[in-house]
Q: 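Submitted below is the structure of interest, expressed as structure tokens.
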Protein chains: 2
Amino acid sequence: MFTLSEENYLKAIYHLELGNDGGVSTNAIAEKLATKASSVTDMVKKLSEKEVVLYKKYKGVTLTILGKTVAANVVRKHRLWEVFLVEKLNFSWHEVHEVAEQLEHIKSAKLINQLDRFLGFPTHDPHGDPIPDKDGNLKIVEKSLLSTLSKNESGICIGVDDSSSEFLQFLDKKGITLGKKITILDKEDFDDSLSISIGDKKLSISNKIASNLYIRAHTGQ
Amino acid sequence: MFTLSEENYLKAIYHLELGNDGGVSTNAIAEKLATKASSVTDMVKKLSEKEVVLYKKYKGVTLTILGKTVAANVVRKHRLWEVFLVEKLNFSWHEVHEVAEQLEHIKSAKLINQLDRFLGFPTHDPHGDPIPDKDGNLKIVEKSLLSTLSKNESGICIGVDDSSSEFLQFLDKKGITLGKKITILDKEDFDDSLSISIGDKKLSISNKIASNLYIRAHTGQ
DNA sequence: ATAAATTTTTAGACAAGTCTAAAAATAATA
DNA sequence: TATTATTTTTAGACTTGTCTAAAAATTTAT
Ligand SMILES: [Mn+2]
Ligand SMILES: [Mn+2]
Ligand SMILES: [Mn+2]
Ligand SMILES: [Mn+2]
């Protein structure tokens, strides 16, 4: 069994490993968890004892198979709870993360399996992130940033890179939600801002926004 | 804000105060929480600092108004989650307590209010215990132990005193569930065992069983 | 009312998780 | 390559919540 704190470290390392290849650095973990490097070193030793990470002093850490399984299960719980909050309790997507951070640590295999069934075995959370299955596997969906599309190309909005409450509320205000079709009407060379159509509306969005929206390419039609 | 441990102490004192009148003893709290008296003394001082209990050395503790509110809210969450687990996730009543012990500490007012709504504002949990409202008030329902009924009297089974997993599973095996009408067919002087009818079945149950089942008196009919 | 038994508190210790400050190792730069 | 800057680890301390053992207060029994 793992403590709440251990689970949070494993999850942080899990997320950092997806971006990086090679070991995850002490500082990176410290930053992600808003803690100090010295605390990370202490915890990493404990996790190494428990055989969930590989650790060599001064070279970062990597998850073992076991560690990856544990971490993926925490992520699975986090995302299933987020679906629950949005689908069943009328939370909006910018309100769920904080509560899911707590719920992800509830220990009960039956709970999470029944929740999964109750929700209809969802594959993605409210932010478009994939939900790992019972074995911790998640299928990667082909996706690209909106900012990489060219004029007249279009796609379906399927996720966000930044899922901060502020960004999500901004998207709400603009009427940008997952599942909607977006077409690039024009691209401004000066600042890389975009003129897009979404639903029946036309919007102008900055490159920063476009670099935080994931799109499933929408060939033809 | 209160820690998980503080919430557990407050809840324990809350439950003990309902049985007792006058202060709750250090030992009683220690036993309920399966901890040591010395630990209780330490925590009680902290709770006293935080103004959720009144504490005089060697005289037990009592909850303040604030303390009672906090405790009742934890109980409210515990019972609402138990309803959720049984009604929505197909848990049986003997499986919910352990998970609810964890879920009761999740902090989010919106979560619990929406859960309440989602469940249709239930008034009782799966064991027949009342669910405190937002202000911590619970309405007491008139109830008596099955063991206090006389021959030919009957009532509706509305709760259990012992809600241990073992007892609940025993009741399942015998087909005794909340909401069923029970009639005393006969009472054995020798050991106070009862012959009862429940649904269309007849059963013989010991006095110990009858002393753990709550009945709403069922006058006439 | 004294003595004995019980309950409660204190004193001191420990594990988990964190922190600051300083030392050591590694990486970057001149 | 020698020096400087950055990263990482160590050493020591602190908080929370717990424990054991011993002292103090209270209750019960003689
Ligand atoms: Mn989240
Ligand atoms: Mn998410
Ligand atoms: Mn319960
Ligand atoms: Mn209950």
Side-chain angles (χ1 to χ4, degrees), chain A residues 1-14 16-17 19-63 67 70-71 74 101-102 104-105 107, chain B residues 1-14 16-17 19-63 67 70-71 74 101-102 104-105 107:
Chain A
M1 254 332 88
F2 296 89
T3 67
L4 184 146
S5 205
E6 288 168 343
E7 286 188 346
N8 281 335
Y9 274 92
L10 290 173
K11 186 172 57 129
I13 298 166
Y14 176 86
L16 290 168
E17 255 188 359
N20 273 38
D21 22 30
V24 177
S25 79
T26 302
N27 265 0
I29 299 169
E31 186 178 15
K32 177 143 256 185
L33 292 176
T35 184
K36 303 292 164 175
S38 54
S39 307
V40 174
T41 303
D42 287 345
M43 179 57 91
V44 152
K45 284 178 189 167
K46 261 180 264 176
L47 294 175
S48 179
E49 280 302 311
K50 288 197 167 190
E51 318 223 305
V52 281
V53 302
L54 295 174
Y55 168 60
K56 279 291 186 71
K57 270 189 198 173
Y58 295 100
K59 324 289 171 193
V61 295
T62 7
L63 292 173
V70 174
V74 176
E101 283 291 307
Q102 299 176 63
E104 73 189 5
H105 300 291
K107 283 164 181 60
Chain B
M1 253 333 88
F2 296 89
T3 67
L4 185 145
S5 205
E6 288 168 343
E7 287 189 344
N8 281 335
Y9 274 91
L10 290 174
K11 186 172 58 131
I13 297 166
Y14 177 86
L16 289 167
E17 255 189 358
N20 273 37
D21 22 31
V24 177
S25 79
T26 302
N27 265 0
I29 299 169
E31 186 178 15
K32 177 144 257 186
L33 291 176
T35 185
K36 302 293 164 173
S38 54
S39 306
V40 174
T41 302
D42 286 346
M43 180 57 90
V44 152
K45 285 179 190 167
K46 262 180 266 177
L47 294 175
S48 179
E49 280 301 311
K50 288 196 167 189
E51 318 223 306
V52 281
V53 302
L54 295 175
Y55 169 59
K56 280 290 185 73
K57 271 189 198 172
Y58 295 100
K59 324 289 172 195
V61 295
T62 5
L63 293 174
V70 174
V74 176
E101 283 292 307
Q102 299 176 63
E104 73 187 6
H105 301 290
K107 282 162 181 60

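So that the names make sense, note that chain A is the first sequence line, chain B the second, and so on, each numbered from 1. Reckoned from all heavy atoms, side chains included, excluding hydrogens, waters and symmetry mates.
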Q: Tell me which residues in residues 46-62 of chain A lie within less than 4.0 Å of DNA chain C, going by non-hydrogen atoms.
A: A:Lys46, A:Tyr58

Q: Take A:His105 and A:Thr3 through the test side-chain contact (heavy atoms from CB on, under 4.5 Å) and record every step on the way to the result.
A: CA-CA 9 Å; A:His105 300 291; A:Thr3 67; over 6 Å; no

Q: Side chains of B:Leu10 and B:Val74, heavy atoms from C-beta outward: is any pair under 4.5 Å?
A: no

Q: Please report, rounded to the nearest Å, how far the P atom of D:dC19 is from the CE atom of B:Met43.
A: 11 Å

Q: Name the nucleic acid region contacted by B:Thr26, choosing base, sugar-phosphate or nothing; use a 4.0 angstrom heavy-atom cut-off, strictly under.
A: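 Touches sugar-phosphate only.
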
Q: Applying salt bridge (charged side-chain N to carboxylate O under 4.0 Å, His left out), can you list everything that pairs with A:Glu7, at least two apart in sequence or on another chain?
A: A:Lys107

Q: Ignoring backbone atoms, test whether B:Thr35 places a side-chain nitrogen or oxygen under 4.0 Å from the OP1 or OP2 oxygen of D:dG17.
A: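 False: B:Thr35 side-chain N/O out of range (4.0 Å or more) of D:dG17 OP1/OP2.
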
Q: Using distance only, find each side-chain donor-acceptor pair of residues 29-40 of chain B under 3.5 Å and give its atom names and separation, not counting sequence neighbours.
A:
none

Q: I'd like the 5' and 3' limits of the part of DNA chain C contacted by chain A, with heavy-atom contacts below 4.0 Å.
A: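 For DNA chain C, the relevant span reads C:dA16 to C:dT26.
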
Q: A:Leu16 pairs by side-chain contact (heavy atoms from CB on, under 4.5 Å) with which of A:Val61, A:Val24, A:Leu63?
A: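 Of all the options given, the one that passes is A:Val24.
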
Q: Does B:Glu104 have any side-chain hydrogen bond (donor to acceptor under 3.5 Å, both in side chains) partners at least two apart in sequence or in another chain, and if so, which?
A: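 Result, side-chain hydrogen bond (donor to acceptor under 3.5 Å, both in side chains) vs B:Glu104: B:Lys11, B:His78.
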
Q: Check the distance between D:dT7's P and A:Lys36's NZ and give it to me in whole angstrom.
A: 14 Å

Q: Answer whether the closest heavy-atom distance between the side chains of B:Phe2 and B:Val52 falls below 4.5 Å.
A: yes

Q: Suppose we screen for side-chain hydrogen bond (donor to acceptor under 3.5 Å, both in side chains). Which residues come up paired with B:Lys46, at least two apart in sequence or across chains?
A: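 Here no residue qualifies.
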
Q: With heavy-atom distances below 4.5 Å as the criterion, would you say the side chains of B:Thr26 and B:Thr41 are in contact?
A: yes

Q: Going by the side-chain hydrogen bond (donor to acceptor under 3.5 Å, both in side chains) test, which pairs reach into residues 49-62 of chain A, not counting sequence neighbours?
A: A:Glu6-A:Lys50

Q: With the threshold set at under 4.0 Å for non-hydrogen atoms, list the residues of residues 3-12 of chain A touching DNA chain C in residue-number order.
A: A:Thr3, A:Ser5, A:Tyr9

